[in-house]
There are 2 protein chains.
Amino acid sequence: MNPLKAKFERYVALEQAEHDLLDHLVRTDARVVPAGSDLIREGEGIHFVKLVLDGWGCRYKLLEDGRRQIVAFLLPGDLCNPDALAVGEMDHSIGAINELHCALIQPELFDQACIESHRLRQAMAYDAGAMLGMQREWTLNLAARPAFGRIAHMLCELHYRLAAIGLAVDGSFFAPITQITLAEATGLTPVHVNRVVQDLRGRGLLSWRGRQITLHDPTRLALLSGFSPRYLHLPRFALGATPASQQLPA
Amino acid sequence: MNPLKAKFERYVALEQAEHDLLDHLVRTDARVVPAGSDLIREGEGIHFVKLVLDGWGCRYKLLEDGRRQIVAFLLPGDLCNPDALAVGEMDHSIGAINELHCALIQPELFDQACIESHRLRQAMAYDAGAMLGMQREWTLNLAARPAFGRIAHMLCELHYRLAAIGLAVDGSFFAPITQITLAEATGLTPVHVNRVVQDLRGRGLLSWRGRQITLHDPTRLALLSGFSPRYLHLPRFALGATPASQQLPA
DNA sequence: CGAGAGTTTGAGTTGAATCAATTCGCGTGG
DNA sequence: CCACGCGAATTGATTCAACTCAAACTCTCG
């Protein structure tokens, strides 16, 4: 399957020509990136539009003191560099969390697709808007919520995004992250993340065994953390909505 | 002057036709928004691409407990809704900090301009990339830096952005914000912001009298706060660079 | 079965918040 | 021209959420 096509179809109705275009883009070239290594590093020139096909990635920056701060998660269907042509060099790094399969698209081809299809251009713009919305919400989340809300909110977001691409069922999803990863993403220490996770477990809101995470009551979790999915710009779930979508707060 | 044209010219070289296009866009309609009121509120439909001509604005969200978190500052030349056509409704609000003059552009006209000029499209993409880069850095800044670095970093960013549009000279600039505004932007309490500001003053790094802010040693402030301007995507200062740009860290 | 990464626990510390006044700056009206 | 009033800035005392440090425990995998 082509996760980019799947995503764009949630935004706009695509015609055959656009299906072909997107399939062509994704078929160009691909690569497997081992868990823990980087797709691209801060300062490097940008030579490809990269698309996550499978696995999780993260955008991150390194701080002066060596810590790293994760500023976004990349899930299947997410574009790393939609602005490859315009922007010269990376202002952040992108790492693979688990083994990550990604498609490498020629920036020129990508650009051409936007020129050829007005609808694709619109889908791109929509996607860019969603990315910005997400980044703003992360800013808010990390700046203004206490540890509990911060973690709960992030779990809600992950759940919601994964449900939208069919990777979460009944509040349960595979997540290749550790509590340490979550700490890097929330700006907390692993120790404190652990205490909050135990709190969530104690309240019967969360199971987290190995790489499997289950939210037992997504609605309540959303309420507790102030999570409201508007900023994700997932206008409505597609017809083939997963059962899990029924539990998601409106 | 047309601040959007000025900005785009820092990105790409524009030809006469593009000058005319941009002037046409901005001349369409305009509005004055009183200090403290909103240009647009979360949840509202988007009917215009709005451009800040003069004055400061801020993107913000309200939290459950009534606090508000500012997630971005909008300065002259900044677009509020470049994605108006694609995105249905606002996922955040935009407020005027001081009296703000903005141009209202028909989304269709705006879109048309991107179709007619490849260069404008590129400039748009570049600008979107810069906005995303800025938002990521805010995420990092608020998540990972202690109060001192957080505030210093934000002052550096403001200084740098203002210098780029000729509104900062010798580290000094007009800023229509209060310590309370800065607190809402940094996710700190006004009381704590005040203590940090006094610290900065005490170290001879900052003067802040009324609405006038002066950074006495931008380079050192950048060093102390881990500020590096790469994420702002201001490739180089234009030929008519202000003297102040000489003091900016590379 | 050992090793290493990840998770858990506990004790002590601290940066920032909270609460509560007080002071300053300035625009307005008497 | 001065007194008032209000928003902003400042100060001090106290509390608390999250960090630090340090150790032990538990997986999982070679």
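Lettering follows sequence order; numbering is per chain, from 1. The structure presented is a predicted model; accordingly, all values stated were derived computationally and were not measured.
- Counting only residues at least two apart or on different chains, the side chain to side chain donor-acceptor pair (under 3.5 Å) pairs with a member in residues 176-188 of chain A are A:Arg68-A:Glu184, A:Thr178-A:Thr181, A:Gln179-A:Asn194.
- A heavy atom closer than 4.0 Å to some atom of DNA chain D occurs in no member of residues 56-70 of chain A.
- The shortest non-hydrogen separation linking A:Ala183 to A:Pro190 is CB-N, 3.6 Å.
- To the nearest 0.5 Å, atoms CG (B:Asp78) and CZ (B:Arg161) are separated by 5.0 Å.
- Judged by a 6.0 Å distance limit and a 45° cone about the ring axis, B:Arg203 is positioned over the six-membered ring of B:Phe148.
- The 12-atom threshold is exceeded at CZ of B:Arg201, counting heavy atoms of other residues, nucleotides or ligands nearer than 6.0 Å.
- For A:Ser207 and A:Thr214, the side-chain atoms include no donor-acceptor pair closer than 3.5 Å.
- Mapping heavy-atom proximity under 4.0 Å, the span of DNA chain C touched by chain B runs 5' to 3' from C:dA16 to C:dC19.
- No option in A:Asp54, A:Leu162, A:Val52 other than A:Leu162 meets the side chain to side chain contact (heavy atoms under 4.5 Å, CB included) test with A:Leu75.
- Nearest approach of A:Ser172 to A:Gln212, heavy atoms of both residues: OG-NE2, 3.2 Å.
- Atom CG of residue A:Leu53 and atom CG of residue A:Leu100 lie 8.0 Å apart, to the nearest 0.5 angstrom.
- Atom CZ of B:Arg211 has more than 12 heavy atoms from other residues, nucleotides or ligands within 6.0 Å.
- Side-chain contact annotation: A:Tyr231 with A:Glu157, donor-acceptor N/O pair under 3.5 Å present.
- Annotation: of the two residues near DNA chain D, B:Gly210 and A:Ala147, the 5′-most nearest-nucleotide partner is B:Gly210.
- Contact annotation for A:Arg150: no contact, since no heavy-atom pair falls under 4.0 Å across all strands.
- Partner A:Ile151 forms a side chain to side chain contact (heavy atoms under 4.5 Å, CB included) with one of A:Leu221, A:Leu200, A:Leu206, A:Asn141 and no other, that one being A:Leu200.
- Taken together, the paired segments of DNA chain C that extend over three or more consecutive Watson-Crick or G-U pairs, each closer than 3.5 Å at both contacts, are C:1-30 with D:1-30.
- Less than 4.0 Å separates DNA chain D from at least one heavy atom of each of the following residues of residues 185-198 of chain B: B:Val191, B:Asn194, B:Arg195, B:Gln198.
- Protein chain B contacts DNA chain D from D:dA8 to D:dA13, reading 5' to 3' and using non-hydrogen atoms of the protein with a distance under 4.0 Å.
- In this structure, a donor-acceptor pair under 3.5 Å is present between the side chains of B:His153 and B:Arg145.
- For the atom pair B:Tyr160 OH and B:Phe173 CZ, the distance stands at 14.0 Å (nearest 0.5 Å).
- Taking all atoms of both residues into account, the shortest heavy-atom contact from A:Gln69 to B:Ala144 is OE1-CB, 3.7 Å.
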